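Accompanying notes for the structure given below.
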There are 2 protein chains.
Amino acid sequence: MVDTRQRLIDGAIEAIRTQGLTGATARTIAATAGVNQALVFYHFGSVHDLLKAACLAATRARVEPFARRLDGVDDLRGLLAVGRALHDEEHARGNVMVLAQMLAGAQADPRVADAAAEALRLWIGPIEHVLARLLADSPVADALDIPGLARAVGAAFIGIELYDGVDPDGARSALDALDRMAVLIEVIDDLGPVARRALRGKVRRSAR
Amino acid sequence: MVDTRQRLIDGAIEAIRTQGLTGATARTIAATAGVNQALVFYHFGSVHDLLKAACLAATRARVEPFARRLDGVDDLRGLLAVGRALHDEEHARGNVMVLAQMLAGAQADPRVADAAAEALRLWIGPIEHVLARLLADSPVADALDIPGLARAVGAAFIGIELYDGVDPDGARSALDALDRMAVLIEVIDDLGPVARRALRGKVRRSAR
DNA sequence: GTCTATAGAGGGATAGAC
DNA sequence: GTCTATCCCTCTATAGAC
């Protein structure tokens with residue numbers, strides 16, 4: 001017999017994934033988890049607190065292996081390959097959708113806002129870390145704001161996940177377009193030393 | 001006495017904006033609109049149909065002036081300036097949030113999915129159009145997938161709007177980072193003709 | 001077209017037996 | 001810790017008076 005707390009957390013994730021935040025009620029969660037409905041309140045006090053716990057638990061469990069994979073990346077195309085693989089895996093598991101639903105719900109409900117913000121931060125941290133490492137000695141680094149860029153990447157992933165739900169073909173073409181931008185960045189990185197220096201100078205002059 | 005249909009549509013938008021899709025019930029919408037609750041069903045048949053109508057009406061009203069402003073843009077930084085201004089205005093009006101909420105709700109409710117997809121398409125169309133025009137003779141055009149890029153941009157806006165709800169500072173830094181990327185692209189566009197040709201060649205060879 | 005009243009379903013949460 | 005039973009609330013939607 002598995003731990004009931006864990007079953008409820010798993011049930012909450014599955015309920016959000018398949019029925020959205022609106023459909024994740026104490027009754028549907030308990031049914032998905034195969035436990036009694038009253039146990040939601042015994043173990044978590046309220047549905048909102050269970051949802052918060054589920055969102056954070058799911059995120060923490062997935063971010064750690066993701067961060068480890070990012071440590072093995074040593075160029076931008078590799079980073080995008082991991083990002084694309086991550087999107088496919090997490091989409092299948094439904095974790096990005098859980099976060100997206102929490103973010104949507106958080107807009108009007110401060111009770112889940114802090115958990116959603118924390119989960120998003122957990123994803124963005126490793127992205128920021130790897131971007132800083134990869135771009136450290138690129139001529140473009142001076143023109144970029146790495147922490148902000150990491151946040152933009154995280155937000156874009158959420159948006160694409162939502163897009164995927166209403167138009168899978170459109171979402172796929174958006175991801176393909178980002179893949180192709182990687183080629184562009186690689187080309188810039190592969191410019192000869194003369195062009196590289198010129199680029200660096202221009203970036204320095206413009207970046208204020 | 002204003003048209004009741006229009007009051008209900010405005011009320012629905014305001015209700016979604018301030019209370020999320022979950023809080024946009026027949027009662028709260030009618031209260032916001034200042035009309036009787038039963039009129040939701042008399043005029044629209046169901047709450048879902050009202051939400052769909054409201055989402056499409058709000059989107060159509062805003063996309064047209066947006067498209068006109070894009071016609072006046074003639075470089076990438078100008079495009080990003082319009083994008084940033086648009087984000088600020090629509091954020092204040094709440095239209096992006098309405099779309100984000102509809103997209104989140106659509107994941108588990110096919111009844112609103114088609115309206116959400118259509119509204120997203122309405123935004124993406126002008127973006128694709130202006131990107132194609134601006135990048136037509138850029139050396140980077142060959143490496144990019146314009147339709148996919150437009151979809152990525154639209155999705156990113158949705159994600160940043162949701163991010164804004166839980167962490168306004170983080171969302172602002174994400175937008176600032178995109179502004180700074182515009183500098184980078186401008187620098188590439190301003191490279192001398194020799195470097196430009198070299199870049200174009202490299203892009204051609206890589207883009208397959 | 002607009003109103004009141006209400007049916008019928010489903011939600012959060014609690015009491016209390018086991 | 002787990003269960004049944006239940007309270008009280010809000011929701012969609014409709015019936016029917018005006």
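All figures in this text were calculated on a predicted structure; none of them were measured in a lab. In what follows, every chain begins at residue 1, and chains take the letters A, B, ... in the order their sequences are listed.
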Proximity to DNA chain C (any heavy atom under 4.0 Å), residues of residues 12-20 of chain A only =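 None, since no heavy atom is under 4.0 Å.
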
Please work out which residues in residues 41-53 of chain B have a non-hydrogen atom less than 4.0 Å from an atom of DNA chain D and list them by number.
->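 Contacts with DNA chain D under 4.0 Å: B:Phe41, B:Ser46, B:Val47.
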
So, using salt bridge (charged side-chain N to carboxylate O under 4.0 Å, His left out) as the criterion, who are the partners of [X] when residues are at least two apart?
X        : result
B:Asp114 : B:Lys52
B:Asp179 : B:Arg84
A:Arg60  : none

Contacts of B:Glu89 that satisfy side chain to side chain contact (heavy atoms under 4.5 Å, CB included) - sequence neighbours left out =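 Residues passing side chain to side chain contact (heavy atoms under 4.5 Å, CB included) with B:Glu89: B:Arg62, B:Arg69, B:Ala85.
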
Those residues that, when tested against B:Ala31, pass side chain to side chain contact (heavy atoms under 4.5 Å, CB included) (two or more places apart) |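 B:Ala31: no side chain to side chain contact (heavy atoms under 4.5 Å, CB included) contacts found.
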
Between C1' of D:dT2 and CZ of A:Arg5, the distance in whole Å =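 Rounding to the nearest Å, CZ of A:Arg5 and C1' of D:dT2 are 16 Å apart.
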
Euclidean distance, atom CG of residue B:Leu39 to atom P of C:dT4 [Å, nearest integer] =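 One finds 10 Å between P of C:dT4 and CG of B:Leu39, rounded.
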
Name each donor-acceptor pair under 3.5 Å that joins a side chain in residues 162-171 of chain B to protein atoms two or more places apart or in another chain, with its distance.
unit_1, atom_1, unit_2, atom_2, d
B:Asp167, OD1, B:Asp169, N, 3.4
B:Asp167, OD1, B:Gly170, N, 3.0
B:Asp169, OD1, B:Arg172, NH1, 3.4

Who are the ring-ring contact (aromatic ring centres under 6.0 Å, His included) partners of B:His91, not counting sequence neighbours?
->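 Testing B:His91 for ring-ring contact (aromatic ring centres under 6.0 Å, His included), a comparison that skips the adjacent residues, returns B:His87.
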
With respect to the phosphate group of C:dG1, does any side-chain polar atom (N or O) of B:Thr4 fall under 4.0 Å of OP1 or OP2?
->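 No, outside the criterion.
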
Within the side chain of A:Gln107, is there an N or O that forms a donor-acceptor pair under 3.5 Å with the backbone of A:Leu103?
->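 Flag set: sc A:Gln107 to bb A:Leu103 pair under 3.5 Å.
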
Among residues two or more places apart or on two chains, list those pairs meeting side chain to side chain donor-acceptor pair (under 3.5 Å) that have a residue in residues 115-128 of chain B.
->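 Sorted pair list: B:Glu118-B:Arg121, B:Glu128-B:Arg151.
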
How would you list all residue pairs meeting side chain to side chain donor-acceptor pair (under 3.5 Å) that involve residues 16-26 of chain B, not counting sequence neighbours?
->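 Qualifying pairs, neighbours excluded: B:Glu14-B:Arg17, B:Thr25-B:Thr28.
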
Each nucleotide of nucleotides 5-10 of chain C classed B (base within 4.0 Å of a protein heavy atom), S (only sugar-phosphate) or -, in 5' to 3' order, makes ------

